[in-house]
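Remarks on the structure that follows.
All chains are named by letter (A, B, ...) in the order of the sequence lines, taking the proteins before the strands, and each is independently numbered beginning at 1.
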Protein chains: 2
Amino acid sequence: MTDPTDSPVPPPGAEITLRDVARLAGVSVSTASRVINRTCGVSPAYAAAVQAVLERFSYIPNNAARALVRQKTRTVGLVVPTLSNPLFAPSIAAIEATLRDAGYGLLVACSQRAPERELEQVRMMIERGVDGMILTGSHHLPATLGLLASRGVVLATQDDPAACAGALSVAMQDAAAMATVIDALVMRGHRTIGILTGPVENTLPIAERLRGAIQRLEHHGLPHGAGHIMETADYQAASSRRAARTLLDRVRGLTAIACTGDILAIGTIMECRRRGLRIPQDISIVGCGDTVMSQFVDPPLATIHLPFGTMGEQAARRLLCVMAGRPLPPTRPLPFRLIQRHTLNRMPRVPPGA
Amino acid sequence: MTDPTDSPVPPPGAEITLRDVARLAGVSVSTASRVINRTCGVSPAYAAAVQAVLERFSYIPNNAARALVRQKTRTVGLVVPTLSNPLFAPSIAAIEATLRDAGYGLLVACSQRAPERELEQVRMMIERGVDGMILTGSHHLPATLGLLASRGVVLATQDDPAACAGALSVAMQDAAAMATVIDALVMRGHRTIGILTGPVENTLPIAERLRGAIQRLEHHGLPHGAGHIMETADYQAASSRRAARTLLDRVRGLTAIACTGDILAIGTIMECRRRGLRIPQDISIVGCGDTVMSQFVDPPLATIHLPFGTMGEQAARRLLCVMAGRPLPPTRPLPFRLIQRHTLNRMPRVPPGA
DNA sequence: TATAAGTATGAGAACGCTTTCAGCAACCCG
DNA sequence: CGGGTTGCTGAAAGCGTTCTCATACTTATA
């Protein structure tokens, strides 16, 4: 009690540790720990004393020490292909919110669509002891998956239509979404429909969207050959404009263009405008994704709303379930719906090309 | 050497620890540690042996244990006001890339513009032992700053024109940017210029932009009273359209509208279109920010490019400097420039309102 | 009143790593 | 050839927690 190191106030620079708390409250470290973790069996008097010290010094537990003994960090890792493109922004936001509500921290990295980089980042995250990981997309190195499995890290994937992780995989109904676009056009009388798609290779969701569109055109007995389909080189506005031009030149009597992405649709709108085609009187244009941009284009773009926020939330929620040992709720397909803005109309009586 | 626990291969479920590595390589834990950390003074033979085991079992160090003794986690925290809005996406991407290159992990959270929430998240990050933090914006609770300071966490702020953290604060030249917009319009002959701004309260950058615009109008001896300025209720497209309508109704002979944000400019374009005003022949519209949207609007929006990516990168870079004890490079103002797209033109001879 | 059962408490080991310190060669110089 | 220097190595002490176990103290039961 007369120990000179036994000062009532901890030195200002150093952080207050559990031992300090215990000493200040006049209990043992074990008891202090029990109060913090709400483990039963602490007398009210001691509990109150510890609680008071906790608040007075705003004690923050050291997660590293905790992690060391518990082998859990209450942190999960997320790797997305890109951060600068706003596509995944709602998904990231939802994941962050869901995890935060559950007391988890979120470590974020960006793979720039390079699986090797993704592996490196997964290593980094395992090093930091993540309890779970969310991977985005469908292109992962076997080594990545193996590493995760060997370290006992729970893995969830999002936006991977191939569903490599089984029950913990949540993806859009990309094919069905584009089938809905085709149906909406056919229902409005369109018979000559062009398809504009982004680069299909290495992006399964886009490939799925294309597949869904083609299949549905076939189902309706409409032309769906290579002549009616145009693939852009990338997602720049200029490329999609160029592709739209080719498509409009190539297919006579085109009254509608279905695009597998909103940016492509925006490029198409621009090109149609340039040609003096009125939208939607002369030609209908439908996108897919409902990204922020689509409501700001002129005219506002009809598109399929894909619930990226819900996707992220579900991925996080299911991950939390598994980490907590709770049973997984049944998988339900992510809903999507057609947003009727101003670029979708009945087929004109006289096709502009005729 | 005949100890039964001394198996050459670690049990499959458990992770391989430094002790395992040492045992497998036939050296002490200290030596193995020295090899991993490239501390000098290990004989080549031993170094090679350890290296081999490291690779063979793909050893990943446990950062929690490391953090415990080093008091450093090589992780930094980032709090942004919003993730779903793509505004900060380039900044986050740049921060992530910069930190990753330096071997740092990034913990992300979103305050939803609520300072109390920000405090809570800073607590969470301190708990996880971040070495540094990047806070966004200018509204922080004193408790937040105090907490960070008392725990010795290095703090950098971004997008805070009030520069509360001194040398570690990197912000845009918002006022100067809008002054440039006014200059560009004046130089093209415009004399009756309207200003459309977002809600000024609680968003210092927007307030700064407005201030810059007003000051510059005054400098040129042009009208800059409340009648020429319109503040929207929020950042929805509909609100900015409504505000643009009021402004156009109120000010006769308006030939240009300067907006403190791109979304506002987009709403203005829509409203002008609806009235049959030709852009840019009848009216010029200039935005600020150069967000992804602005290049996809029709006509493509003239705006000020604000380097959000650079801002994030600089914040991260400066933070790294301080954490590494390196001297800070001199602060240089973030560059900005006018992007001349299609909505900026000379003043029409006959103003459309006349 | 003595014993069993139960409850609150604290001592101390462990978690996986870094780092100080001491030990032990081998070497150089006088 | 001895004492000092140098360079590599391993033992061991923490880092801040959690958690098991043993201990002391209550209370209920015989």
Protein-nucleotide distance ([X], atom [atom1]; [N], atom [atom2]), rounded to Å:
X	N	atom1	atom2	value
B/Asn63	C/dC17	CG	P	10 Å
A/Lys72	C/dC15	NZ	P	16 Å
B/Ile36	C/dT19	CD1	P	12 Å
A/Arg19	C/dG12	CZ	P	13 Å
B/Glu127	D/dT18	CD	P	10 Å
A/Arg34	C/dA8	CZ	C1'	8 Å
A/Arg70	D/dG16	CZ	C1'	13 Å
A/Leu18	D/dT18	CG	C1'	9 Å

Considering just the side-chain nitrogens and oxygens of [X], establish if one lies under 4.0 Å of OP1 or OP2 belonging to [N].
X	N	result
B/Arg66	C/dT18	yes
A/Asn62	D/dC15	no
B/Ser28	D/dG10	yes
B/Gln71	C/dT18	no
A/Tyr59	D/dT17	yes
A/Ser33	D/dT18	yes

Check: Under the 3.5 Å rule, do the base of C/dA8 and the side chain of A/Thr31 count as making a donor-acceptor pair?
Finding: no
Note to self: Using modelled atom types and a 3.5 Å cut-off, is there a donor and acceptor pairing between side-chain atoms of A/Asp131 and backbone atoms of A/Thr73?
What the structure shows: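 Present.
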Next item on the list: Using modelled atom types only, decide if a donor and an acceptor are shared between the side chain of B/Arg74 and the backbone of B/Ala102 within a distance under 3.5 Å.
Entry: yes
Classify [X] by what it touches in the nucleic acid, base, sugar-phosphate, or nothing, heavy-atom distance under 4.0 Å.
X	value
A/Ser43	sugar-phosphate
B/Asn37	sugar-phosphate
B/Thr17	sugar-phosphate

Margin query: Pairing donors with acceptors under 3.5 angstrom, does anything connect the side chains of B/Thr331 and B/Arg318?
Written below: yes
Note to self: What I want to check is whether the side chains of A/Arg128 and A/Thr75 have a donor and an acceptor closer together than 3.5 Å.
What the structure shows: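 Side chains of A/Arg128 and A/Thr75: no pair found under 3.5 Å.
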Item checked: Within-4.5 Å side-chain heavy-atom neighbours: A/Leu18 and A/Ile36 ->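 Yes, close enough: below the 4.5 Å cut-off.
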Check: Would you say B/Arg332 and B/Gln314 make side-chain contact, with heavy atoms under 4.5 Å?
Finding: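 In short, these two side chains do not touch, never coming nearer than 4.5 Å.
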Go through [options] for me and flag the one nearest to the [X] side chain.
X	options	result
A/Tyr46	C/dG10, D/dT9, D/dT18	C/dG10
B/Val29	C/dT18, C/dT20, D/dC19	C/dT18
B/Leu68	C/dG16, D/dG10, D/dT20	C/dG16

Notebook entry, point to check: Between B/Gly41 and A/Val69, which has a closest nucleotide on DNA chain D that is more 5'?
Noted result: B/Gly41
